[in-house]
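Counting from 1, the numbers follow the sequence of the chain as shown.
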Amino acid sequence: MSRTIRGKVAVVGVGETPYYKRGQSPDAEFKLALDAVINACKDAQFSTKDIDGFASFSNDRNDPSKLANALGCKELRFSNMQWGGGGGGGSGAIANAAAAIATGMAESVIVFRALAQGQFGRFGQGPRSNVVSGAGAYTVPYGLMSPAQSFAMKVNRFMHDHGVKQEALRAISLASYHHAQNNPRAVMHGRPLDEQKYDESRWIVEPFHLFDCCLENDGAAAMLLVDAERAKDFPHKPVYILSALTGAHYRAGASAHNTPDYATSTFKTTSSRLYDMAEVKPSDVNVAQIYENFTGGVLMSVVEHGFCEPDECNEFFVKENLIAPSGKLPTNTSGGNLAECYMHGLGLNIEAVRQVREESTNQVPDADVALVASGPMVTPVSSSIFGSVATL
């Protein structure tokens, strides 16, 4: 048990900027990152000068040395980027930061993600280039270009293999929009969704309707991590990292849709390690934040984290099971990537912290254990589990 981060690191501050539709932020990406870090430190009543580490993911462009300079940090001791595309590194960045603190490489680490798509380009489109190399050379000439198209292939296979109906995807979307109506930070706050509106929305690529697809936003999010022994000295209820890890299964990185195990969210080998480190079971989890670039990713992630069997999806994925406070597994209680914002999923980790703090806008009673699954259907993926002091 000595080789674990369980209970050794805590989240003591979270911060966000306002979230904007892609391309509409009035501020540059670097300023958004700074604002989120400053807000996380204000939440913890902590000086930005005492930050000594930064961790991010998905090729974030905001250089830690420049952040440290702008924030007046006394010393930079840790600087880390999690490899892997999209949101698969969200919980992985937390794992890296926690490992640095647990091993004494740093004392106060910020995990962050910032996006300004108006400044640097849109994420949800296919490539715009006269030359395509790598795996794309095998798919782009045949029209398989955008993220929605690529991920739809895996989800269609899973749904076919297990007889999953469209209504299961619809329930995921309805639950996220339901939660967003209680969250004033959510981009879709005040814009409710019902079954008819979902069913009548245009197809993006089957099986994804418009409301099965995540938002595209500008903004930034940040979390402040410190050693668990220090956590009790901060103003908020400490939220401990019970586990956080990253990985993928055999040949998950096979390119050009050539993976032997194709219809997967890539969590099959990581989820057991996640629970073993946290010393909890799926039945102990009170609330889940499951990355939804597309609703199909939630479907497979929930299965691969042990909450239901593949052939039980039609019965499990109904709105009543997914909504707070009383659902069987309240999921994406801030609105998630579908209806709160898309910060490559780091907002899901922040919502997990808020649930354990008992500060969510859709609070689940006695939420001592909160799980986050980051970035399904990519490689590597990552997950994390947060717990209250009662779990230690």
Side-chain angles (χ1 to χ4, degrees), residues 8-20 25-82 89-116 119 185 218-241 244 341 343-344 346-347 349-354 357 359 386:
K8 295 180 179 178
V9 178
V11 181
V12 294
V14 295
E16 301 162 284
T17 66
Y19 294 120
Y20 307 93
S25 170
D27 296 318
E29 191 175 83
F30 186 71
K31 184 177 185 300
L32 292 171
L34 290 173
D35 286 346
V37 173
I38 290 169
N39 288 338
C41 288
K42 285 181 179 178
D43 183 56
Q45 297 182 18
F46 185 81
S47 172
T48 59
K49 295 179 180 180
D50 293 324
I51 297 167
D52 62 3
F54 295 90
S56 191
F57 60 101
S58 190
N59 302 318
D60 192 284
R61 287 171 284 257
N62 300 282
D63 180 82
S65 292
K66 294 180 179 178
L67 289 171
N69 180 65
L71 293 165
C73 300
K74 299 171 186 174
E75 181 184 12
L76 181 62
R77 296 174 56 184
F78 181 76
S79 173
N80 177 269
M81 172 70 73
Q82 172 71 20
S91 291
I94 292 169
N96 293 334
I101 294 169
T103 56
M105 289 190 289
E107 299 295 332
S108 310
V109 180
I110 289 284
V111 178
F112 73 96
R113 184 72 175 103
L115 281 170
Q119 186 179 2
R185 298 182 308 274
D218 294 348
M223 307 170 68
L224 175 62
L225 278 59
V226 302
D227 179 81
E229 290 298 317
R230 298 173 60 197
K232 59 182 178 295
D233 297 328
F234 288 83
H236 290 286
K237 178 181 178 181
V239 178
Y240 299 93
I241 297 171
C341 75
M343 275 304 105
H344 262 146
L346 194 60
N349 297 90
I350 288 177
E351 175 63 11
V353 170
R354 288 194 169 113
R357 281 183 176 184
E359 295 176 353
F386 299 86

Check against side chain to side chain contact (heavy atoms under 4.5 Å, CB included), Phe54 and Ser79: CA-CA 5 Å; Phe54 295 90; Ser79 173; 5.7 Å; no

Audit row: Leu225, Ile241, side chain to side chain contact (heavy atoms under 4.5 Å, CB included) steps and yes/no: CA-CA 9 Å; Leu225 278 59; Ile241 297 171; 3.6 Å; yes

Main-chain N/O of Asn39 paired with Asp43 side-chain donor or acceptor, under 3.5 Å: no

Asp27 backbone acceptor or donor facing Ser25 side chain under 3.5 Å: yes

What are the two closest heavy atoms between [X] and [Y], and how far apart are they?
{"X": "Ala44", "Y": "Phe234", "result": "O-CD2, 3.2 Å"}
{"X": "Ala33", "Y": "Asn62", "result": "CB-CG, 4.0 Å"}
{"X": "Phe57", "Y": "His344", "result": "CE1-O, 3.3 Å"}
{"X": "Ala106", "Y": "Asp52", "result": "CB-OD1, 3.5 Å"}
{"X": "Leu71", "Y": "Ile38", "result": "CD2-CG1, 3.8 Å"}
{"X": "Val109", "Y": "Ala97", "result": "CG1-CB, 3.5 Å"}

Asp63 and Phe30, any side-chain heavy atoms less than 4.5 Å apart: no

Student check: side-chain heavy atoms of Lys8 and Ile101 closer than 4.5 Å: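 No. Closest side-chain heavy atoms not under 4.5 Å.
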
Distance (rounded to the nearest 0.5 Å) between [X] [atom1] and [Y] [atom2]:
{"X": "Arg185", "Y": "Glu16", "atom1": "CZ", "atom2": "CD", "answer": "5.5 Å"}
{"X": "Phe46", "Y": "Cys41", "atom1": "CZ", "atom2": "SG", "answer": "6.5 Å"}
{"X": "Thr17", "Y": "Leu115", "atom1": "OG1", "atom2": "CG", "answer": "10.0 Å"}
{"X": "Leu34", "Y": "Lys66", "atom1": "CG", "atom2": "NZ", "answer": "12.0 Å"}
{"X": "His236", "Y": "Arg354", "atom1": "NE2", "atom2": "CZ", "answer": "9.5 Å"}
{"X": "Arg113", "Y": "Asp60", "atom1": "CZ", "atom2": "CG", "answer": "4.5 Å"}

Asp227: partners by salt bridge (Lys or Arg N to Asp or Glu O under 4.0 Å), with sequence neighbours left out: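 Salt bridge (Lys or Arg N to Asp or Glu O under 4.0 Å) list for Asp227, sorted by chain: empty.
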
Heavy atoms of other groups near Lys232 NZ, more than 12 under 6.0 Å: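 Above 12, so yes.
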
Stepwise side chain to side chain contact (heavy atoms under 4.5 Å, CB included) check, Tyr19 with Asp218: CA-CA 6 Å; Tyr19 294 120; Asp218 294 348; over 6 Å; no

Side chain to side chain donor-acceptor pair (under 3.5 Å): pairs with one or both residues in residues 89-112, sequence neighbours excluded: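 Qualifying pairs, neighbours excluded: Asn80-Asn96, Gln82-Asn96, Ser91-Asn349, Ser91-Ser374, Ser91-Ser384, Ser108-Arg230.
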
Evaluation steps, side chain to side chain contact (heavy atoms under 4.5 Å, CB included), between Leu67 and Val37: CA-CA 9 Å; Leu67 289 171; Val37 173; 5.5 Å; no

